[in-house]
Amino acid sequence: MPELPEVETTRRGIRPLVAGQVVTALQVRNPRLRLPVPTDLAAAIVGERLAEVRRRAKYLLLDFPAGSVIIHLGMSGSLRVLAAGEAPGLHDHVDLVFGSQLLRLRDPRRFGLVVWQAGDALAHPWLSRLGPEPLGGAFDGAWLHRVTRGLRLPIKQALMDAQRVVGVGNIYASESLFRARIHPLTPAGEVGPRRCERLARAVRETLEMAIAAGGSTLRDFVGSDGRPGYFQQQYFVYGRAGAPCRVCGSPVERAVSGQRATFFCPRCQLR
DNA sequence: CACCACTCCTGCCCGC
DNA sequence: TGCGGGCAGGAGTGGT
């Protein structure tokens, strides 16, 4: 399930292989994603040079002269660079062919998206109202404190709201709150300035560590099994209900918040 | 606004 | 061994 670190690792993996290359063909094998792949996509990009691969939140932006292909990996999407002619698998929806190689989007659960945005990609309605990047300078404790005043909803849900900060998904929300020693069900408005500071720092550190862990597997984006290698990453609480907290040994608990599984240590994390 | 519920889809795991 | 059921999960959308 790609969260921001996986998307960033994907970006870093594919960028050196496709940036600067000209699209020679587009193959839409299965247009059915969360929204249908636009039928006029080929007209927009075939024959054009891919200038840059950027990321905003969990969206990947493939920049062309006239606009950008915006890709979201949903929860099961992956992008790999393969040799042209590589036989497609069951859920390989789209290929961007660049001469002798291709960029292949696979998405078994079809929560992903491919859209075309003419002109500035950031002007797309899905991107234009997003909050700050968690790894950028605009996100810090002061910002987090400001955008959570008066909120009664749990801090975890506030953290996962892309208008407040982007890129914090279910896994890293739980992990960041553990790192900051804040109980995920604490009303967001009750988290004071010092704890907001700690939480903002925890979000940044958690994501940076995950990206660093993925960086060693960039070579996997070419060739056979191209999955980013976070599976080796050790989570503190996520998915560990009943298992001992890695810090204090108390059993990790599971709750549901905003219809999402939420994991925390009841002893380390205070309301 | 703030908040909530619903929706998309399929691989995987569990129990029988 | 096969099969049904339940679950997970990003984020847009459409309520109250």
Side-chain N or O of A:Arg110 closer than 4.0 Å to phosphate OP1/OP2 of B:dC9: yes
Protein-nucleotide distance (A:Arg152, atom CZ; B:dC4, atom C1'), rounded to Å: 12 Å
Touch class at under 4.0 angstrom, heavy-atom based, for A:Leu73 against every strand present: nothing
A:Leu35 CG - B:dC9 C1' separation (whole Å): 14 Å
Gap between atoms CE and P, on A:Met75 and B:dC12 respectively (whole Å): 11 Å
Residue whose nearest DNA chain C nucleotide is more 5′ - A:Arg109 or A:Trp126: A:Arg109
Donor-acceptor contact below 3.5 Å, side chain A:Gln117 vs main chain A:Ile70: no
Touch class at under 4.0 angstrom, heavy-atom based, for A:Arg149 against every strand present: nothing
N/O donor-acceptor pair, side chain A:Arg260 with base C:dG10, under 3.5 angstrom: yes
Earlier contact from the 5' end, DNA chain B, for A:Arg164 and A:His91: A:Arg164
Rounded distance (Å) that lies between atom P of B:dT7 and atom CZ of A:Arg32: 18 Å
Side-chain donor/acceptor of A:Arg49 to backbone N/O of A:Gly20, under 3.5 Å: yes
Rounded distance (Å) that lies between atom C1' of C:dG10 and atom CD1 of A:Ile70: 16 Å
Backbone N/O of A:Ala200 and side chain of A:Glu205: donor-acceptor pair under 3.5 Å: no
Under 4.0 angstrom between A:His72 side-chain N/O and C:dG10 OP1 or OP2: no
Integer-rounded Å distance: B:dT10 P and A:Asn30 CG: 9 Å
Residue A:Phe111, side-chain heavy atoms: nucleotide from B:dG11, B:dC4, B:dC8 that is nearest: B:dC8
Chi angles and distances behind the side-chain contact (heavy atoms from CB on, under 4.5 Å) call for A:Cys265, A:Glu253: CA-CA 6 Å; A:Cys265 171; A:Glu253 288 188 13; over 6 Å; no
Separation of atom CG in A:Leu33 from atom P in B:dC9, rounded to whole Å: 11 Å
Atom-to-atom span, CG of A:Asp161 to C1' of B:dA2 - whole angstrom: 10 Å
Sub-4.5 Å side-chain heavy-atom contact between A:Thr262 and A:Val237: no
Residue whose closest nucleotide on DNA chain B lies nearer the 5' end, A:Leu90 versus A:Leu151: A:Leu151
First encountered from the 5' end of DNA chain C, between A:Ala57 and A:Arg254: A:Arg254
